[in-house]
K.L.:
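Got a structure here, written out as structure tokens. Questions coming.
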Amino acid sequence: MDFKLAVANEILTALGATFGEVEITAPDIAAALEIPPDTAMGDYAVPCFKLSKALRKSPVMIADQLAGAIQADFLGKVEAVKGYLNFFIDRATYAEKVITLALSEGEQYGSDGSGVGRTVVLDYSSINIAKRFHIGHLSTTMIGNALYRLHRFFGWNAVGVNHLGDWGTQFGKMIAAYKRWGDHDTVAAGGVDEMVKLYVRFNAEAEQDPALNDEGRAWFKKIEDGDPEALEIFNWFKSVTLKDAERVYDILGVKFDSYAGESFYNDKMQPVIDELKAKGLLKEDNGAQIVDLQDYGMPPALILRSDGATLYITRDLAAARYRRDTYHFDKSLYVVAYQQDLHFRQLFKVLELMGYDWYKNCEHVSFGMVSYEGQALSTRGGHVVYLEDLLNTAIEKARAIIEEKSPDLENKDEVARQVGVGAVVFFDLYNNRIKDIDFQWDRALNFEGETGPYVQYTHARACSVLRKAEGLETAQPDFSALSDPFAQDVVRMIEQFPDVLKAAVNRSEPSMVTRFSVDLAQAFNKFYYENKVMVDEPGVRTARLMLTDCTRQVLKQALYLIGIEAPERM
Ligand code: ARG
């Protein structure tokens, strides 16, 4: 039941009965309804000055007359206060409607199916070949994963793309280094770390002997020309990197539908370049080909270097077109750090200049940087925190806490994994995505703070209450037992869940779901502290158990949508 709309309908009827025909619709009134800052002033309020012009009456008079004319079952009372009309929803009816709806919709509760028939492409994680997966790639991976799940939940056809960074002259150097100093078994055993070592050595030795760089360039040319040996080594590097990354994706529960990365577009760029030329957008600049973006206050987009090599943006142009042609997306999201803001503004502008009006459906979902315990991360300067190490440490630490708190728990390893990984993911998704994050262990793993473990713990507590009630007599629920402010706060949060999810999708902002889960967990814990659930009176008990069940269901769903598991015992 949409209470806002129901209130609006009552107002509309009363308006007609009191003042005759008015040119206003229920949705208009619903939009004008305010939620008073303090529930003592009502659940909804209409500022009647908004009606005074149309009705040619003072707000005070309108409020007084309407208050006398409105009466409905679901309303506790209607009050006129200084030109405001305050509505109090009947507490029991409110609880009943919200809980019944949420439980009957079950796992679908929160989705209105508005994405059915629409397609979204999400570009996230997009790691680079021959580099270790470090915590700089955590946010893109988890924000992308959350947006993927959220869209699916609303019925969208979601396509997750890992746009691999698998192109560039460094791969020529890496092959050259491998041919000189590497061997198959060492790289196969050491994975990405071994490749990085080879690359570092190559650069060091090339400083002494610049001729090495020619060797690197020659190997890169071979990759470009499709030389079988070069390709074989290169593809092997790729599969070794992906195998390493796959372990991390498994721990995180992240999936992709496509791994088409930069090299995939090798043979798909020429048509784009031809088209740019045909549309008069390409300009020569010192031998290079550019799209001039001066009129839009941006530096030029470099499409071809003077030696004919293509660039990052050239590949992204081809990728954008390919995604549009292949998936016919309604929306295309790029979950990439804010350092690339300019790149995406340029990309979307060039698409616009090419006449693709679907550029409007492309969005850069930008986010801030992650530091670790106060230290900025840099690959060159040393402070690198590998994601796999971070996750494993989190699991170990969670395991130690569980050992202390619940020594009798059966599946401690499994729960430690869920809690440890959940803590990291939750921490990453807690703030507005554009903010920089400083990862701190004591904050992430605090069972009492605004953390993943806290929400998981609340979920497990709800599960445990429900387990205790198994087998007890159920009765017709007495929803008036949920009239106290604590129960009402929980009901209100549950009612807001669908709107929170919708806003999270519309703004590409998973943190709204993360925050919501904390708010609901806090409201539930207060309710639980203030009210006894397992009372003798079966009607009261049933109503409180139903609220507990709703909370369990919504917390679990909220956590799932941001990529976190919800153990039933902790
Ligand atoms: N591989 C890039 C990086 O790690 C991110 C790629 C993002 N996606 C894209 N289509 N440009 O910085």
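Ligands are counted one by one from 1 in listed order, and the atoms in each one are counted from 1 as well.
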K.L.:
Is a side-chain donor-acceptor pair under 3.5 Å present for Glu352 with Tyr296?
P.N.:
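The answer is no; no qualifying pair exists.
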K.L.:
Any salt bridge between Glu509 and Arg515, counting N to O under 4.0 Å?
P.N.:
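Salt bridge flag = no for Arg515 with Glu509.
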K.L.:
How far apart are the C-alpha atoms of Glu450 and Tyr430, what are their side-chain angles, what is the distance that settles it, and do they pass the side chain to side chain donor-acceptor pair (under 3.5 Å) test?
P.N.:
CA-CA 9 Å; Glu450 295 170 356; Tyr430 189 61; 2.5 Å; yes
K.L.:
Would you please name every residue forming a side-chain hydrogen bond (donor to acceptor under 3.5 Å, both in side chains) with Glu262, sequence neighbours left out?
P.N.:
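Counting only residues at least two positions away or on another chain, Glu262 forms no side-chain hydrogen bond (donor to acceptor under 3.5 Å, both in side chains).
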K.L.:
Salt bridge check: are Glu568 and Arg552 linked by an N-O gap of less than 4.0 Å?
P.N.:
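No, this pair does not count.
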K.L.:
List by chain and number: which residues place a heavy atom under 4.0 Å from ligand 1?
P.N.:
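Contacts of ligand 1 under 4.0 Å: Asp123, Ser126, Asn128, His137, His163, Tyr312, Asp316, Tyr334, Val336, Gln340, Phe344.
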K.L.:
Between Arg323 and Asp123 (salt bridge meaning N to carboxylate O under 4.0 Å), is one present in this structure?
P.N.:
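Salt bridge present between Arg323 and Asp123.
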